[in-house]
Amino acid sequence: MAGSRPISAEELRAALAPTAGWLAGEAEQPPRATLGAAVKTSARWLSQQVPGRSVELRVPPFVAVQCVPGPRHTRGTPPNVVETDAATWLRMALGELSWAAAVADGKVVASGNRADLSAYLPLAALRR
């Protein structure tokens with residue numbers, strides 16, 4: 001998947017579908033490539049829908065994207081960083097875990113006054 005090619009809602013749903021059983025605790029963790037595709041596709045979809053360079057979303061080891069309108073950051077560590085693991089990111093993207101609960105449980109580290117993605121989660125294409 002090219003980083004600059006628009007991601008459709010259908011492509012987003014298809015990338016996340018193989019992780020559903022694992023996220024629900026009903027299946028083993030999917031292969032790394034499958035998990036990586038779900039994380040990368042969903043994070044890139046967010047950056048496509050909420051373009052900007054004021055917040056960096058990191059889901060190691062899979063992806064780091066910049067998003068959210070505001071002051072552009074160009075050098076060093078960005079002042080607004082959100083970092084989490086793959087399962088937490090996917091659960092928030094799908095609406096199975098709220099931003100507030102993830103932050104309160106220490107599953108998300110958010111630094112900076114713009115590092116709040118609650119307005120964008122769950123991802124619009126996945127809202128029920």
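From a predicted model like this one, the values you see are computed outputs, not experimental measurements.
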How many angstroms lie between atom [atom1] of [X] and atom [atom2] of [Y], to the nearest 0.5 angstrom?
{"X": "Leu94", "Y": "Arg127", "atom1": "CG", "atom2": "CZ", "answer": "12.0 Å"}
{"X": "Trp99", "Y": "Leu117", "atom1": "CH2", "atom2": "CG", "answer": "4.5 Å"}
{"X": "Lys107", "Y": "Thr84", "atom1": "NZ", "atom2": "OG1", "answer": "8.5 Å"}
{"X": "Asn80", "Y": "Glu56", "atom1": "CG", "atom2": "CD", "answer": "10.5 Å"}
{"X": "Leu97", "Y": "Leu121", "atom1": "CG", "atom2": "CG", "answer": "9.5 Å"}
{"X": "Arg58", "Y": "Gln66", "atom1": "CZ", "atom2": "CD", "answer": "9.5 Å"}

### Task
Look only at the side chain of Arg53 and the backbone of Pro69, and say whether a donor-acceptor pair between them is shorter than 3.5 Å.
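No, because the side chain of Arg53 does not come within donor-acceptor range (under 3.5 Å) of the backbone of Pro69.
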### Task
Spell out, as yes or no, whether a donor-acceptor pair under 3.5 Å connects the side chain of Arg13 to the backbone of Ser8.
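Not at all, since once roles are kept as given, no pair shorter than 3.5 Å links the two residues.
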Any idea which heavy atoms bring [X] and [Y] closest together, and the distance?
{"X": "Gln48", "Y": "Pro6", "value": "OE1-CA, 3.1 Å"}
{"X": "Phe62", "Y": "Gly36", "value": "CD2-CA, 3.3 Å"}
{"X": "Val39", "Y": "Trp89", "value": "O-NE1, 3.9 Å"}
{"X": "Ser42", "Y": "Leu90", "value": "OG-CD2, 3.7 Å"}
{"X": "Tyr120", "Y": "Val50", "value": "CD2-CG2, 3.5 Å"}
{"X": "Ala102", "Y": "Met92", "value": "CB-SD, 3.7 Å"}

### Task
Decide yes or no on side chain to side chain contact (heavy atoms under 4.5 Å, CB included) for Thr41 and Leu16, but give the supporting numbers first.
CA-CA 8 Å; Thr41 301; Leu16 292 172; over 6 Å; no
### Query
Is Val81 reachable from Val65 through a run of hydrophobic residues whose side-chain heavy atoms are each under 4.5 Å from the next?
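Shared cluster, no.
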### Task
Given salt bridge (Lys or Arg N to Asp or Glu O under 4.0 Å), test Glu11 with Arg5 step by step and report yes or no.
CA-CA 12 Å; Glu11 184 178 354; Arg5 181 179 53 80; 3.1 Å; yes
Decide yes or no for [X] and [Y]: does some side-chain heavy atom of the first lie under 4.5 Å from some side-chain heavy atom of the second?
{"X": "Gln49", "Y": "Leu123", "value": "no"}
{"X": "Val108", "Y": "Glu83", "value": "no"}
{"X": "Val109", "Y": "Val82", "value": "no"}

